[in-house]
Enquirer: 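Before I ask anything, let me first share the structure, which is written out below as structure tokens.
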Amino acid sequence: MKKVIATFMAFAAAGMLFAQSQGTGNTSLAEPDPTVMGNDSARQALREVSVDRFELEGAWNASISPDYGVISARLFDGAPAAKEPLKGEEDTVDSKVLGIKVEFFRRGINSFFVRSTRPIPIEGVTKTVSVWVVGRNMDHNLTLLVQDYYGNNFELYMGSLAFSGWKRLTVAVPPTPDGEHGIIQQSAYDGSRPGLRIVGFRIDCDPMLARGSYYLYFDDLRAVTDLYDIENRDEDDMRDDW
């Protein structure tokens with residue numbers, strides 16, 4: 001009898017551990033942990049930095065194929081209530097959000113783009129990128145468009161827009177497996193410059209929902225980046241960018 005009870009307890013404990021590991025896995029997929037991505041050494045100096053606050057009129061452009069509809073972009077007063085300012089930047093002006101309005105001609109397989117007027121560089125090695133979005137509970141999909149160290153273009157899926165109100169969407173930037181493939185953010189052979197640049201966003205629309213008018217809002221584009229090499233660079237060290 002004691003053996004049966006001991007065996008039962010062992011299986012119960014294993015089941016609890018499995019459930020916990022499954023729960024942890026789901027959480028990490030929803031909110032990527034930048035401390036464990038590409039962490040092949042203990043030398044990291046992770047910082048959350050502001051990429052763009054969407055405060056300047058004309059800094060972002062919206063476009064759609066003229067066969068699908070018309071689109072416009074403008075700034076509005078507002079901000080997500082749950083957003084917290086970065087440490088040391090509590091007094092920085094941050095009162096605007098970027099609004100996008102799409103008027104579809106008809107249902108179909110449509111996509112539209114929201115691009116920065118020029119790619120926005122991020123110093124260091126970027127681990128995650130996040131942005132606050134109002135998706136208006138439409139099952140369209142948001143993809144982040146980036147360029148790596150060599151100007152190669154990549155797409156990173158951020159998630160569905162099927163939610164109400166403001167929501168912070170976060171995507172992990174996968175590390176290069178060998179320094180030659182994937183998203184390369186730094187190189188010892190080609191000087192020193194910011195490794196990742198934000199190009200903009202692509203929104204892929206659900207064909208059944210791409211009709212009438214659709215409204216989308218963005219605010220507070222941020223990144224978690226590893227600044228170890230930059231912060232620990234000697235002041236008298238030469239820069240290899242000539």
Side-chain angles (χ1 to χ4, degrees), residues 48-86 88-105 110-124 126 128-136 138 140-149 151-159 161 163 165-171 173 193-205 210 212-225:
E48 186 175 26
V49 298
S50 175
V51 178
D52 194 271
R53 295 184 176 86
F54 300 97
E55 294 292 307
L56 297 178
E57 195 76 57
W60 292 80
N61 300 317
S63 63
I64 190 174
S65 169
D67 296 330
Y68 297 156
V70 294
I71 193 170
S72 57
R74 54 165 291 193
L75 296 182
F76 292 88
D77 292 331
K83 182 181 67 175
E84 297 181 0
L86 291 173
E89 299 184 7
E90 292 82 1
D91 296 331
T92 302
V93 176
D94 188 7
S95 60
K96 304 289 185 181
V97 301
L98 176 66
I100 307 295
K101 178 182 179 182
V102 185
E103 297 175 88
F104 295 106
F105 291 154
N110 305 327
S111 297
F112 61 90
F113 296 85
V114 180
R115 296 187 180 95
S116 174
T117 53
R118 63 181 64 184
I120 306 173
I122 305 175
E123 287 191 314
T126 303
T128 65
V129 178
S130 65
V131 65
W132 284 89
V133 187
V134 170
R136 286 292 180 254
M138 292 288 184
H140 307 318
N141 292 306
L142 181 67
T143 297
L144 178 69
L145 308 177
V146 301
Q147 289 180 349
D148 73 353
Y149 188 89
N152 299 314
N153 294 305
F154 293 88
E155 303 175 354
L156 300 173
Y157 176 70
M158 297 200 76
L161 298 175
F163 54 86
W166 285 102
K167 182 179 180 180
R168 187 182 186 185
L169 298 180
T170 304
V171 64
V173 181
R193 58 179 181 271
L196 194 74
R197 288 178 285 276
I198 303 297
V199 176
F201 304 92
R202 187 186 73 234
I203 296 85
D204 299 317
C205 302
S213 298
Y214 175 61
Y215 297 87
L216 178 68
Y217 300 89
F218 292 95
D219 192 33
D220 202 24
L221 180 61
R222 296 184 183 182
V224 175
T225 180

Enquirer: Using a 4.5 Å cut-off on heavy atoms from C-beta on, say whether the side chain of Thr143 contacts that of Arg202.
Expert: yes

Enquirer: Could you measure the distance from the CD1 atom of Ile203 to the CG atom of Asn141? Nearest 0.5 Å is fine.
Expert: 10.0 Å

Enquirer: Between CZ of Arg197 and CD1 of Ile120, what distance do you get to the nearest 0.5 Å?
Expert: 12.0 Å

Enquirer: Show the atom names and distances, to 0.1 Å, of all donor-acceptor pairs under 3.5 Å that link a side chain in residues 65-76 to residues at least two apart or in another chain.
Expert:
| unit_1 | atom_1 | unit_2 | atom_2 | d |
| --- | --- | --- | --- | --- |
| Ser65 | OG | Asp67 | N | 3.3 |

Enquirer: Quick one: CD on Glu55 to CG on Leu98, what's the gap to the nearest 0.5 Å?
Expert: 10.5 Å

Enquirer: Would you call Arg222 and Leu86 a side-chain contact if the rule is heavy atoms closer than 4.5 Å?
Expert: yes

Enquirer: Ignoring hydrogens and angles, tell me if any N or O in the side chain of Thr126 forms a donor-acceptor pair with the backbone of Thr128 under 3.5 Å.
Expert: no

Enquirer: Would a 4.5 Å heavy-atom cut-off, applied to side chains only, mark Val51 and Val129 as touching?
Expert: no

Enquirer: Begin from the C-alpha positions of Phe54 and Val131 and carry the test side-chain contact (heavy atoms from CB on, under 4.5 Å) through to its verdict.
Expert: CA-CA 11 Å; Phe54 300 97; Val131 65; 4.3 Å; yes

Enquirer: Given 3.5 Å as the limit, does a donor-acceptor pair link the side chain of Thr170 with the main chain of Ser130, or not?
Expert: no

Enquirer: Mind listing the closest non-hydrogen atom pair of Ser111 and Ile64 along with its distance?
Expert: O-CG1, 3.6 Å

Enquirer: With rounding to the nearest 0.5 angstrom, report the CD to CD1 distance, Gln147 to Ile198.
Expert: 10.0 Å

Enquirer: Taking it one step at a time, do Thr92 and Arg53 satisfy side-chain contact (heavy atoms from CB on, under 4.5 Å)?
Expert: CA-CA 10 Å; Thr92 302; Arg53 295 184 176 86; 3.7 Å; yes

Enquirer: Decide yes or no for Asn153 and Leu145: does some side-chain heavy atom of the first lie under 4.5 Å from some side-chain heavy atom of the second?
Expert: no

Enquirer: Considering only heavy atoms from C-beta outward, does the side chain of Leu221 approach that of Phe201 to under 4.5 Å?
Expert: yes

Enquirer: Are Asp220 and Trp166 close enough that some pair of their side-chain heavy atoms sits under 4.5 Å apart?
Expert: no

Enquirer: Would you check if Trp60 and Ile100 make a side-chain contact, meaning some heavy-atom pair closer than 4.5 Å?
Expert: no

Enquirer: Of all heavy-atom pairs between Asn110 and Ala210, which one has the smallest distance, and what is that distance?
Expert: ND2-CB, 3.4 Å

Enquirer: Do the side chain of Tyr214 and the main chain of Gly135 share a donor and acceptor less than 3.5 angstrom apart?
Expert: yes

Enquirer: Should Met158 and Leu156 be marked as a side-chain contact (heavy atoms from CB on, under 4.5 Å) after you check the CA-CA gap, both sets of side-chain angles, and the distance that decides it?
Expert: CA-CA 6 Å; Met158 297 200 76; Leu156 300 173; 5.6 Å; no

Enquirer: Can you give me the closest heavy-atom contact between Cys205 and Phe104, atom names plus distance?
Expert: SG-CZ, 3.7 Å

Enquirer: I'd like to check the salt bridge (charged side-chain N to carboxylate O under 4.0 Å, His left out) partners of Asp77; sequence neighbours left out, ordered by chain and number.
Expert: Lys96

Enquirer: Quick one: pull up CD in Glu103 and OH in Tyr215 and give me the separation to the nearest 0.5 Å.
Expert: 6.5 Å

Enquirer: Determine, stepwise, if the pair Leu196 / Val173 fulfils side-chain contact (heavy atoms from CB on, under 4.5 Å).
Expert: CA-CA 10 Å; Leu196 194 74; Val173 181; 4.1 Å; yes

Enquirer: From Leu144 CG over to Leu169 CG, what is the distance, rounded to the nearest 0.5 angstrom?
Expert: 10.5 Å

Enquirer: Please examine the side chains of Val97 and Trp132, heavy atoms only from C-beta on, and report whether any two atoms are closer than 4.5 Å.
Expert: no

Enquirer: Flag yes if more than 12 heavy atoms outside Glu90 fall under 6.0 Å of its CD atom; otherwise flag no.
Expert: yes

